[in-house]
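To find a chain, count down the sequence lines: A is the first, B the second, and so on, and within it residues start at 1.
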Amino acid sequence: MRTCHATQGPSPMNVFTAIEQLVREQLAALAAEGALPAGLDLSAVAVETPRDPTHGDLATNAALVLAKAARMKPRDIADKLVAKLKADPRVTKAEAAGPGFINITLDVALWHQQIVSILQEGAGYGRLNAGQGGAVNVEYVSANPTGPMHVGHCRNAVVGDAIANLLAFAGYDVTREYYINDAGGQVDTLARSAHLRYREALGETIGDIPEGLYPGDYLKPVGTALAQQHGKRLLGLAEADWLPEVKATAIAAMLAMIREDLASLGIKHDVFFSERSLTAGGEDRVADTIAWLQQRDLVYTGTLPPPKGEAIEDWEDRPQTLFRSSKFGDDLDRALKKSDGGYTYFASDLAYHRDKLKRGFTHLVNVLGADHSGYAKRIKAAVSALSEGRAEMDVQFYQFVKLMKNGEPLTMSKRSGTFITLRDVVDEVGRDAVRFMMLYRKNDAALDFDFAKVTEQSKDNPVFYVQYAHARAASVFRNVRLSFPELDLAAARTTDLSSLGDAAEIELVKQLAAFPKIINGAARAHEPHRLAFYLFDVASAFHQLWARGNDSPHLRFIQPSSKTATAARLALIGATQQVISSGLSVLGVEAPQEMR
RNA sequence: GCACUCGUAGCUCAGCUGGAUAGAGCGUUGCCCUCCGAAGGCAAAGGUCACAGGUUCGACUCCUGUCGAGUGCGCCA
C-alpha cells in the first residue's frame, strides 16, 4: 500500500513529506541524466529523523536501498544525491555518512513553517485521506448478551474503538459494529436463568442457582419486570412456550445494560447486528450462503480426523457438511452443521460476513480475545472465499487483562457471580485512565492492570503525564494575558518565528512534524498503541523544554521584555496542544485545560 | 502431536517497511523549586535482544531449528 500524507487546506506543509518529495525528485533527475538507471523502485526510500542528533535533522536511506537494483556502490549514489540536495535552498547541509546514509540539515525556517502549518490546519492536522479506496467495518466487543461486561471485554471495547477512531482519522469511511450472539444455546440458558428470577419475584423460594445457569444478581430486575408484565401467566406454560418471550425480554435487558456499560467508556456502535435475524422473517440467509458456496464447490460432505491432543470421550466419526476452508489457508475444513441439524456458530458467521461484504465493505477488522486465536484462519478463509479475494480481513487479538491491586492479583469467580465488571473499573479509576492504560501496550501483550497505579497521578501513570502537558500548555495561555493582554493563539498564528532556534524547541517541532506519519503507520497496522506512545514522547519533549526555562530564563515561554518572542513561543505551544488534543481524541481521552 | 501469539535492563514494557552507538517508565544512587504548574527536569548505574544456525552491505526485526511461556484444537459462542 502506498503511503499517503495528502492534506487539505490552502498550502499546508509537512517537513517529512516535503523532503521525501525532494529526494524522489532528485533521484528522478539523476535517472533522467543517466547517472542512475531508469525505472528504479523507490518505494523503500524513506526519510526519518536519525537517532543521533549530530547526524542532522533528517536522514535518508535512498542510496542504501537503491544500490543493489542500480548495481552501484551506496556511497557513489549518495555522493551524487548529496550534490543535488545541496542545491535546494531549504537544505543547509547534506553529507554522506556511515554505510551510505545521507544526513540532511535543514534551514531552521522550514521548522518554523511546520509550526505555521499545524496551526493553519488546526484540528485537521494529521488527518489523512489514506482510505479513499473503500469502506471499513470494525467489529468489536460482540460480547454475548448474557450479563454485564467485565474487564476482558473492556480491553476489546477500548482497542476496537481506538482502531475505529484511528481509521476514521486516517480518512476511511468507518462503521462500528457489534454482533449479537442471540441465536445459540447461551441465550437459552439466559432465558432459563431469568425465568428462575421471575419465579423468585413472584414469591417463590428458589434457593441456590442450579449449576449451569447464570447466578448473578443482575437478572433479578429482569425477573421483576417479567412478573410485572406477565403476572403468573407464564408459570402454567411449558418451557417451549415461555422461553421465546422470556428470552427476548432478557436479551433486550442485557443489551440495554451493555450499551450503558459501553457508554460509560464513551463508546457507541453504529450497528448492532443480530445473529438471529439471519434466520428470521421467513428467510434463511445461512442456508443461502451455504448454497452459494455449494455452487462454487466449496462445500462437501465428509469426515474430519479426530484432534490429536486430549482424547475426546464421545468422539463419533460421522460424515458432516464441511466448508473447504483449507483451500484458503486454514488447517482443516470446518463443520457447518451440528449433529442436531442446527447451524454451527461458524455457519452463521459465514452468513454474517457475507452480509458485511454485500454492504460494500472492502476492509474488515475484527477484535478478538486471545482465546479465539484459533478462529482467525477460519474467518479469513471465509472472507477470502465469500469476497472472491476482493476484501481483506484483519483480526486483532488482545491478551487478557490481569487485574491487580497493590501488586496482588484480584481473582474473579464466575460461580459466585462476584466478577469485577467493566463498570466497577470505570467508576473507580475513570474513563480516561482506563482507556489510556488499555492502549498503552501492544494488543497482543498481556496487561497487568493495577488499580493502585492507575489511580496514582504521577509519571508512573502515562495518562496524567500526557494530559498534564496539555494542561501546562493551557496555563501558559492563561498567564500570558497578564503581560500581553492582546496576545492569543490567533495572534501567534501570524507572528515572526525567527526567535525559535534552541535545540529543545526544534526537537519539539520535529516530534510534532511526525504526527501524520504516526497516524499513517498506526492506522495501517491497526495498532493504536503506537499513537499512545507517540503522545507520551511529545509530552516528554514539551516537559523538557519547559524545564529548560528553570535554568535558562531566556527560554521561558513568556518573555515580558519581548512580545514577538513570546508570540513565537505561543505558536509552538499552540501547535503542541493541537497535536496532543487531536491525538488524545483519537484515543478517546480528554485533553484537560486544567488539572489542579 | 498441530496451529496461533510471545520471549528485549532487577521489574513493567516500546523499538515504525531490515538501518548508524538497542530506548522509556518504575526501582537504586546523586542533584534542580525567591523564577511560566516539581503531577516536572538533569545525571549515574543497569543488556549475550531466550539459544543455535541461515539470508545480506547491514538482523531485536526476515527464514529454519531448539528451549521456555500463554491460548486454542468436530457438534461452545
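Heavy atoms of A:Arg548 sit nowhere under 4.0 angstrom from any nucleic acid atom. A:Ala183 comes within contact range of no nucleotide atom at all, as no heavy-atom separation falls under 4.0 Å. Residue contacts shown for A:Gly184 are limited to sugar-phosphate atoms, with no base heavy atom under 4.0 Å away. Here A:Asn103 lies in heavy-atom contact (under 4.0 Å) with a base. Among the protein residues, A:Val65 comes within range of the nucleic acid bases, having at least one heavy atom under 4.0 Å from a base atom. Backbone-only contact: A:Gly185 has heavy atoms under 4.0 Å from sugar-phosphate atoms and none from a base. At a threshold of 4.0 angstrom between heavy atoms, the contacts of A:Asp333 with the nucleic acid are absent. As judged by a 4.0 angstrom heavy-atom cut-off over every strand, A:Tyr375 is placed among the base-contacting residues. If you check every strand for non-hydrogen atoms under 4.0 Å, A:Ala67 touches nothing. Within the 4.0 angstrom heavy-atom criterion, base atoms lie near A:Tyr468. When heavy atoms are screened at a 4.0 angstrom cut-off, A:Glu527 is found touching no nucleic acid atom at all. Looking at heavy-atom distances under 4.0 Å, A:Ala370 makes contact with sugar-phosphate atoms alone, never a base. Across all strands, A:Asp52 comes closer than 4.0 Å to base atoms (heavy-atom distances). When heavy atoms are screened at a 4.0 angstrom cut-off, A:Lys442 is found touching the sugar-phosphate backbone but no base atom.
Annotation: B:U64 and B:U17 have their C1' atoms spaced 23 Å apart (nearest Å). Here, B:C60 and B:G40 have their C1' atoms 32 Å apart, quoted to the whole Å. Between the C1' atoms of B:C13 and B:A9, the separation comes to 11 Å (whole Å). To the nearest whole angstrom, the two C1' atoms, one in B:U8 and one in B:A24, are 13 Å apart. Comparing the P positions of B:A77 and B:A69 gives a spacing of 32 Å, expressed to the nearest Å. When the P atom is used for both B:G72 and B:U55, the distance is 39 Å, rounded to whole Å. Rounded to whole Å, the separation between the C1' atoms of B:A44 and B:C62 comes to 37 Å. Here, B:A59 and B:G15 have their C1' atoms 13 Å apart, quoted to the whole Å.
Residue A:Gln399 has no polar side-chain atom (N or O) positioned under 4.0 Å from OP1 or OP2 of B:U71. Contact annotation: A:Arg441 side-chain N/O to B:C13 OP1/OP2 distance is under 4.0 Å. Side-chain nitrogen and oxygen atoms of A:Tyr352 include none within less than 4.0 Å of the OP1 or OP2 phosphate oxygen of B:A77. For B:A38, neither phosphate oxygen OP1 nor OP2 lies less than 4.0 angstrom from any side-chain nitrogen or oxygen of A:Asn550. Using a 4.0 Å cut-off, some side-chain N or O of A:Ser475 falls inside it from OP1 or OP2 of B:G37. Between A:His372 and B:C4, a side-chain N or O to OP1/OP2 separation shorter than 4.0 Å is absent. Between A:Arg51 and B:A20 there is a side-chain polar atom (N or O) within less than 4.0 angstrom of OP1 or OP2.
For the 3.5 Å distance criterion, the side chains of A:Tyr343 and A:Glu275 fail to qualify, holding no donor opposite an acceptor. Side-chain polar atoms of A:Thr105 and A:Asp57 form no donor-acceptor pair below 3.5 angstrom. A donor-acceptor contact under 3.5 angstrom links the side chains of A:Asn144 and A:Gln186, judged on distance only. In the model, A:Gln467 has a side-chain atom that pairs as donor or acceptor with a side-chain atom of A:Asp432 under 3.5 Å. Checked by atom type, the side-chain pair A:Thr303/A:Asp317 shows no donor-acceptor distance below 3.5 Å.
The nucleotide B:C67 finds its pairing partner in B:G7, both defining distances of the Watson-Crick or G-U wobble pair being shorter than 3.5 Å. Across all strands shown, B:G37 forms no Watson-Crick or G-U wobble pair with both key distances under 3.5 Å. Judged by Watson-Crick or G-U wobble contacts below 3.5 Å, the nucleotide B:U28 has B:A44 as its partner. The nucleotide B:C62 finds its pairing partner in B:G54, both defining distances of the Watson-Crick or G-U wobble pair being shorter than 3.5 Å. Searching all strands for a Watson-Crick or G-U wobble partner of B:C13 with both distances below 3.5 Å returns B:G23. Nucleotide B:C2: paired with B:G72 (Watson-Crick or G-U wobble, both distances less than 3.5 Å).
For the pair A:Thr344 and A:Lys337, the minimum side-chain heavy-atom distance is 4.5 Å or more.
Proximity of a side-chain donor or acceptor of A:Ser540 to a complementary backbone N or O of A:Phe536 within less than 3.5 Å is not detected. Within the 3.5 Å criterion, the main-chain N or O of A:Ala513 finds a donor-acceptor partner in the side chain of A:Asn14. Side-chain atoms of A:Tyr179 do not come within 3.5 Å of backbone N or O of A:Ala143 as any donor-acceptor pair.
The side chain of A:Pro99 lies closest to B:G19, out of B:G72, B:A77, B:G19. Looking at the side chain of A:Glu594, the nearest of the listed nucleotides B:G37, B:G19, B:C75 is B:G37. Comparing B:G19, B:G74, B:A77 against the side chain of A:Phe101 picks out B:G19 as the nearest. For A:Ala97, taking side-chain heavy atoms from C-beta onward, the closest of the listed nucleotides B:A38, B:A20, B:G19 is B:A20. When distances run from any side-chain atom of A:Glu316 to the nucleotides B:C42, B:G19, B:G74, the shortest one goes to B:G74. Among the nucleotides B:C4, B:G74, B:A77, the one closest to the side chain of A:Lys377 is B:C4. Here the nucleotide nearest the side chain of A:Tyr345, chosen from B:A77, B:G74, B:C16, is B:A77.
Using a 5.5 Å limit on the distance between ring centres and a 30° limit on the angle between planes, the aromatic ring of A:Phe536 does not count as stacked on the six-membered base ring of B:A24. In this structure, A:His543 does not count as stacked on the base of B:A38 under the 5.5 Å centre distance and 30° plane angle limits. A stacked arrangement is not assigned to A:Trp546 and the six-membered base ring of B:G41, the conditions of a centre distance below 5.5 Å and an interplanar angle below 30° not being jointly met.
Contact check of residues 564-573 of chain A against RNA chain B (heavy atom, cut-off under 4.0 Å) returns no residues at all.
None of A:Arg334, A:His372, A:His353 except one satisfies the side-chain contact (heavy atoms from CB on, under 4.5 Å) rule with A:Ile379; the exception is A:His353.
Both A:Gln544 and A:Lys337 lie close to RNA chain B; mapped to their nearest nucleotides by heavy-atom distance, the more 5′-ward contact belongs to A:Gln544. With RNA chain B read from its 5' end, the first of the two nearest nucleotides for A:Lys68 and A:Ala539 is the one closest to A:Ala539.
In this structure, A:Phe542 atom CZ and B:A38 atom P are separated by 11 Å, rounded to whole Å. We find that CG of A:Asp76 is positioned 13 Å from C1' of B:C57, with the value rounded to whole Å. Atom pair A:Glu507:CD and B:G41:C1' shows a separation of 16 Å (rounding to whole Å applied).
In this structure, A:Arg155 is not positioned above the aromatic face of A:Phe400 in the sense of NZ or CZ being under 6.0 Å from the six-membered ring centre and within 45° of the axis.
Heavy-atom contacts from other residues, nucleotides or ligands closer than 6.0 Å to CZ of A:Arg71 number 12 or fewer.
Side-chain N/O atoms of A:Asp314 and base N/O atoms of B:C75 include a donor-acceptor pair closer than 3.5 Å.
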